[in-house]
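What follows is a set of notes on a single structure, which appears directly below.
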Amino acid sequence: RTPVLDYFFKYFPFLGNEIQYIILMPFAAWILDPGNLSLLTTTLTLKWFLSVFFANVVKDLLCLERCGAVDKRLTHDVDDQFGFPSTHSAAAISVAVPLLTFFFSDDTESVWLGSFAYTVLVATSRLYLGVHSVTDILGGILVGLLSVCICDFVLDDAVLKIANYDDTKLVIVLLCALVAVVIKLYPDARVNNTCFQEVLAVCGLLVGGLIAETMLSKFTPCYVTQN
């Protein structure tokens, strides 16, 4: 360990925290794909929500303690959470795949190489900080890949139809029902459980994003350049 690496790996995991992705989503809509909001932002948010939900559910079901001694860790923001699987790794791969697919839609190799490179960097930071083991990381990557596959083959089309549905009130009702189901299914829905708080934060972003896109589907935003 060196001071430079300590500093880098201590603050780099911010790129795997939920606040970073919450900040990213509006910019994805405004800058990357303003003419087709639902195509990028909905798939990004959905895959991220599913990976965070699955990872934290498994974490609170298995209740496997984090590796290593607490006093050896370089960060203590997750000391109250269980270790397996790594939510950072799950979120990293689930967000990187759709984002890089947007940039390299005709180059599958670049998508997967870039996604795994970003995920490995996030995962390495968690190993360096002493908050995860290799098993935690691999479990997180598996959860993230599973989430991507479920969205690509099952959920993406259905959610996009909901986002573009004409009846906004019905969409709001369905999304409120989704929140209720998430709360009901979560194995440890205590208010002070930070894993549960993460799931609610991501669920809130998904719900808010879908409601916004349902409303935006009825007109063209002013920031979209007209041809």
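No experiment lies behind these values; they were computed from the predicted model shown. The residues of the chain are indexed from 1 along the displayed sequence.
- In this structure, Val143 and Ala55 approach most closely via the heavy-atom pair CG1-N, 3.8 Å.
- Atom-to-atom distance recorded for Ser94:OG and Phe49:CZ is 12.0 Å, nearest 0.5 angstrom.
- Shown here for Leu205 and Trp48, the closest heavy-atom pair between the two residues is CD2-CZ3, 3.1 Å.
- Checked against side chain to side chain donor-acceptor pair (under 3.5 Å), Thr135 has no partners two or more places apart in sequence or in another chain.
- Hydrophobic cluster membership is shared by Val179 and Val57, with clusters built from Ile, Leu, Val, Met, Phe, Trp and Tyr side chains linked at under 4.5 angstrom.
- To the nearest 0.5 Å, atoms OG (Ser86) and NZ (Lys59) are separated by 6.5 Å.
- The same ILVMFWY cluster, assembled from side-chain heavy atoms under 4.5 Å apart, contains both Ile172 and Leu200.
- Asn56 and Tyr186 share no donor-acceptor pair across their side chains, judged by distance under 3.5 Å alone.
- Taking each heavy atom of Leu44 and Val95 in turn, the nearest pair found is CD2-O, 3.5 Å.
- The hydrophobic cluster containing Phe116 does not contain Leu142, counting ILVMFWY residues as joined when their side-chain heavy atoms lie under 4.5 angstrom apart, directly or transitively.
- Tested against Tyr118, the residues Val122, Val120, Leu121 include a single side chain to side chain contact (heavy atoms under 4.5 Å, CB included) partner, Val122.
- In this structure, Asp136 contributes its side chain and Ser133 its backbone to a donor-acceptor pair below 3.5 Å.
- The two atoms that bring Leu61 and Pro187 nearest to each other are CD2-CB, 3.7 Å, heavy atoms only.
- Thr194 places no side-chain N or O within 3.5 Å of a backbone atom of Gln197 that could act as its donor or acceptor partner.
- Counting only heavy atoms from C-beta outward, the side chains of Ile141 and Leu145 approach each other to under 4.5 Å.
- With sequence neighbours left out, the side chain to side chain donor-acceptor pair (under 3.5 Å) criterion links Asp157 to no other residue.
- Here the side chains of Val148 and Ile93 are not in contact, with every heavy-atom distance at 4.5 Å or above.
- No donor-acceptor distance shorter than 3.5 angstrom exists from the side chain of Asp60 to the backbone of Asp188, with no hydrogens or angles considered.
- Take Thr101 and apply the side chain to side chain donor-acceptor pair (under 3.5 Å) test, not counting sequence neighbours, and it matches no residue.
- Scanning all heavy atoms of the two residues, the minimum distance from Ser115 to Thr119 falls at O-OG1, 2.7 Å.
- One distance of note links OG of Ser51 with CD1 of Ile150; it measures 10.5 Å at 0.5 Å rounding.
- Side-chain contact between Leu206 and Val202 is absent, with no heavy-atom pair separated by less than 4.5 Å.
- When all heavy atoms are compared, the tightest approach of Pro98 to Lys47 is CG-CD, 3.6 Å.
- Hydrophobic clustering (side-chain heavy atoms under 4.5 Å, transitive across Ile, Leu, Val, Met, Phe, Trp, Tyr) keeps Phe84 apart from Leu50.
- The OG1 atom of Thr43 sits 12.0 Å away from atom CG of Leu155, with the distance rounded to the nearest 0.5 Å.
- Follow the hydrophobic side-chain contacts under 4.5 Å out from Leu138 and you reach Val97 in the same cluster.
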